[in-house]
Amino acid sequence: MTIPGQPSASPEPAAPLLKVEGLVKHFPITKGLLRRQSGAVQAVDGLTFDVRPGETLGVVGESGCGKSTMGRLITRLLEPTAGRIEFEGRDITHLGVAGMRPMRRDVQMIFQDPYSSLNPRHTVGTIVGAPFRLQGITPEGGVKKEVQRLLGLVGLNPEHYNRYPHEFSGGQRQRIGIARALALKPKLVVADEPVSALDVSIQAQVVNLLDDLQEELGLTYVIIAHDLSVIRHVSDRIAVMYLGKIVELADRSPLYTAPLHPYTRALLSAVPVPDPARRARRERILLKGDVPSPISPPSGCRFHTRCWKATEVCAREEPPLLTLRPGHAVACHHPEDGSDSGARGAVT
Ligand SMILES: Nc1ncnc2c1ncn2[C@@H]1O[C@H](COP(=O)(O)OP(=O)(O)OP(=O)(O)O)[C@@H](O)[C@H]1O
Ligand code: SF4
Ligand SMILES: [Mg+2]
C-alpha cells in the first residue's frame with residue numbers, strides 16, 4: 001500500500017496510455033477482372049509495444065518499413081488486419097465511426113507534408129477551427145478566440161487567422177498543422193515525420209516546439225522519423241522498425257550508446273557526428289542492397305539478406321523480440337552484446 005504523500009518503495013509503473021499487441025496490416029493485392037487476391041503487402045506484421053503517459057516514443061526505420069501504416073493504425077485511420085489496440089485500457093481495435101468519435105479528441109495526428117495536408121482554399125482560422133466544428137464543440141469564448149490562442153501557442157501571429165496556407169513558409173505551415181492537432185486538447189499525438197519536408201535549418205525549431213508543447217500541455221507523443229538524428233533529443237524510448245517489424249525497442253541512452261541489433265548499428269553509423277575526432281574513429285556501415293519487398297519478405301530474420309552477421313539460423317528462424325536487459329528488447333539471433341540465441345537457449 002502507498003501512504004499518500006510518502007514516496008513508495010517500488011512505484012508501480014503507470015498504466016500505458018496505448019497498448020498495442022500483435023498489430024498487423026496487410027494490404028491485399030488483387031488481380032484480373034474478378035479482382036481475386038493474389039498476394040498482400042505485409043506493411044505491418046506483428047507489432048507489440050506500449051506508449052506510457054507523458055513519454056515520447058520515437059519510431060525509426062527506412063522508407064517503406066511500415067511507420068506511417070503503424071501511425072495510421074494506432075490513430076484508427078486504418079482498419080487493422082489483426083492484433084489489438086487499447087487506449088486507456090479500452091479496446092479500440094475495431095471501433096466504428098460512431099464509437100471512435102469521443103476518442104478522436106484524445107488521439108490526433110500531425111502529418112509529414114505541411115503543403116498537402118492543409119486545404120489551400122481555407123483560411124488558417126477555418127483550418128485550425130475545423131476540429132471544433134467536426135466535433136460540434138464551442139470552446140469558451142468562441143472559436144475565433146480559441147483559434148487565436150492556439151496560433152499564439154505554436155508561435156504564429158494570432159492576427160493571421162484570415163490568411164491562406166500559401167502565405168506561410170513550410171515551417172509556419174507545420175505550426176498550423178500542430179495548432180489544428182492540439183485544438184481538442186488531445187492526450188496522444190502521433191507525428192508522422194513532422195519535420196522531414198522542412199529545411200534542415202528550421203527542423204530543430206519545430207522539434208523544439210513539439211518538446212515545449214509536451215511539457216506545457218502534458219502530451220504523450222509517438223514521433224516517426226526515417227533516421228535517428230531528428231528524434232535523438234526528444235525521444236524517451238525508441239522503436240526501430242525493419243520491414244513491418246520492431247527489431248529493437250529501448251530507452252534512448254542504451255539505444256544510442258549500446259545498440260543490440262545490427263540494423264540499429266547501421267542506422268546509427270549514418271547519423272552525423274559533430275565532433276571530428278569521434279567522427280574519424282567511427283566506422284560507417286553501408287548496408288548492401290535495397291530494402292526487400294514487403295510483398296514477399298525474406299524468411300527467418302527479415303534483415304538476413306543485408307546483415308553482415310547472418311548465419312544459417314537467421315534465414316531459417318525468425319528471432320523473437322526478447323528483453324535482454326531491463327527496458328531493452330531486441331529481435332536478433334546474434335545481438336551486438338555477444339549473447340547469442342544459442343547460448344541463451346531462448347529461441348522456441
Ligand atoms: N494503401 C496502401 N495500399 C497498398 N500498399 C500500401 C498502402 N499504404 C502503404 N502501402 C505499402 O506498405 C508499405 C509500408 O508503407 P508505409 O507508408 O507505412 O512505410 P513508411 O515506413 O512510412 O515509409 P516512408 O518512410 O516512405 O514514409 C510500403 O511498401 C507501401 O508501399
Ligand atoms: S538475426 Fe541474424 S540476420 Fe537478423 S539481424 Fe541478427 S544476426 Fe543479422
Ligand atoms: Mg511514412
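Positions are given from 1, in the same order as the sequence printed here. Numbering of ligands and ligand atoms starts at 1, following listing order.
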T323 (side chain) donor-acceptor with A329 (main chain) under 3.5 angstrom = no

May I ask you to identify the nearest protein heavy atom to atom 15 (O) of ligand 1, giving residue, atom name and distance to one decimal place in Å?
-> T69 OG1, 3.8 Å

Linking I/L/V/M/F/W/Y whenever any side-chain heavy atoms sit under 4.5 Å apart, do I238 and V190 land together?
-> no

State whether a side-chain donor-acceptor pair under 3.5 Å links D45 with H26.
-> yes

Look only at interatomic distance and state if F27 has a nitrogen or oxygen under 3.5 Å from any nitrogen or oxygen of ligand 1.
-> no

For the pair E88 and K187, find out whether any cationic side-chain nitrogen is under 4.0 Å from an anionic carboxylate oxygen.
-> yes

Short side-chain to backbone donor-acceptor contact, R237 and R252, under 3.5 Å = no

Under the 4.0 Å line, does any protein heavy atom show up next to atom 30 (C) of ligand 1?
-> no

Going by the atom numbers of ligand 2, which of them fall below 4.0 Å from some non-hydrogen atom of F303?
-> 5 (S)

Hey, mind stepping through V51 and K19 against side chain to side chain contact (heavy atoms under 4.5 Å, CB included) and telling me if it holds?
-> CA-CA 6 Å; V51 183; K19 199 170 167 54; over 6 Å; no

Counting each atom of ligand 1 from 1 as listed, which ones have a heavy atom of P294 under 4.0 Å away?
-> 29 (O)

Numbered atoms and elements of ligand 2 in range of C314, under 4.0 angstrom, heavy atoms = 1 (S), 2 (Fe), 3 (S), 7 (S)

Below 4.0 angstrom from a heavy atom of A43, which ligand 1 atoms are there? Numbered from 1 as shown, please.
-> 12 (O), 13 (C), 14 (C)

Do you know which of K25, H94, R72 makes side-chain hydrogen bond (donor to acceptor under 3.5 Å, both in side chains) with E79?
-> H94

What do you reckon, does M70 have a nitrogen or oxygen under 3.5 Å from a nitrogen or oxygen of ligand 1?
-> no

For atom 1 (S) of ligand 2, closest protein heavy-atom neighbour | H333 N, 3.2 Å

With heavy atoms of E193 as the reference, note each atom of ligand 1 found under 4.0 Å away.
-> 25 (O), 27 (O)

Ionic contact status for R84 with E86, cut-off 4.0 Å = yes

Between the Mg ion (ligand 3) and Q112, is there an N, O or S atom separated by less than 2.8 Å?
-> no

Got the closest protein heavy atom to atom 11 (C) of ligand 1, with its distance?
-> V41 CG1, 3.7 Å

Heavy-atom donor-acceptor pair, E248 side chain to L260 backbone, under 3.5 Å | yes

Any non-hydrogen atom of K25 lying under 4.0 Å from ligand 1?
-> no

Around atom 19 (O) of ligand 1, find the nearest protein heavy atom and jot down its residue, atom name and distance.
-> G66 N, 3.3 Å

Please identify which atoms of ligand 2 are closer than 4.0 Å to at least one heavy atom of C307.
-> 3 (S), 5 (S), 7 (S), 8 (Fe)

Before signing off on this row, confirm whether G64 and ligand 1 have an N or O atom pair separated by under 3.5 Å.
-> yes

Criterion salt bridge (charged side-chain N to carboxylate O under 4.0 Å, His left out) on E140 and K145, from CA distance to verdict | CA-CA 8 Å; E140 227 182 279; K145 195 161 164 241; over 6 Å; no

Number the atoms of ligand 2 from 1 as they appear, then name those within less than 4.0 Å of a heavy atom of H261, with their elements.
-> 5 (S)

K309 with E336: basic N within carboxylate O range, under 4.0 Å | yes

Are S68 and D192 close enough that a side-chain donor and a side-chain acceptor fall under 3.5 Å?
-> yes

Identity and distance of the protein heavy atom lying nearest atom 4 (Fe) of ligand 2 = C301 SG, 2.3 Å

re atom 24 (P) of ligand 1, the protein heavy-atom contact at minimum distance is S63 OG, 3.6 Å

Should D236 and R52 count as an ion pair when the cut-off is N to O under 4.0 Å?
-> no

Kindly state if atom 27 (O) of ligand 1 has a protein heavy atom within a strict 4.0 Å cut-off, that is, under 4.0 Å?
-> yes

Note the single closest protein heavy atom to atom 6 (Fe) of ligand 2, along with its residue, its atom name and the distance in Å.
-> C332 SG, 2.2 Å

Going by distance only, is there an N or O of K67 that falls short of 3.5 Å from an N or O of ligand 1?
-> yes

Could you say whether the N/O atoms of H226 and ligand 1 ever approach to under 3.5 Å?
-> no

Test item: R302 side-chain N/O and L243 main-chain N/O as donor-acceptor pair under 3.5 Å | yes

In this structure, atom 17 (O) of ligand 1 is nearest to the protein heavy atom S68 CB, 3.7 Å

Mark yes when over 12 heavy atoms from residues, nucleotides or ligands other than R149 sit less than 6.0 Å from its CZ; otherwise mark no.
-> yes

Out of E336, R265, H334, whose heavy atom sits nearest atom 7 (S) of ligand 2?
-> H334

Ligand-residue contact atoms, ligand 2 with P262, heavy atoms, under 4.0 Å | 5 (S)

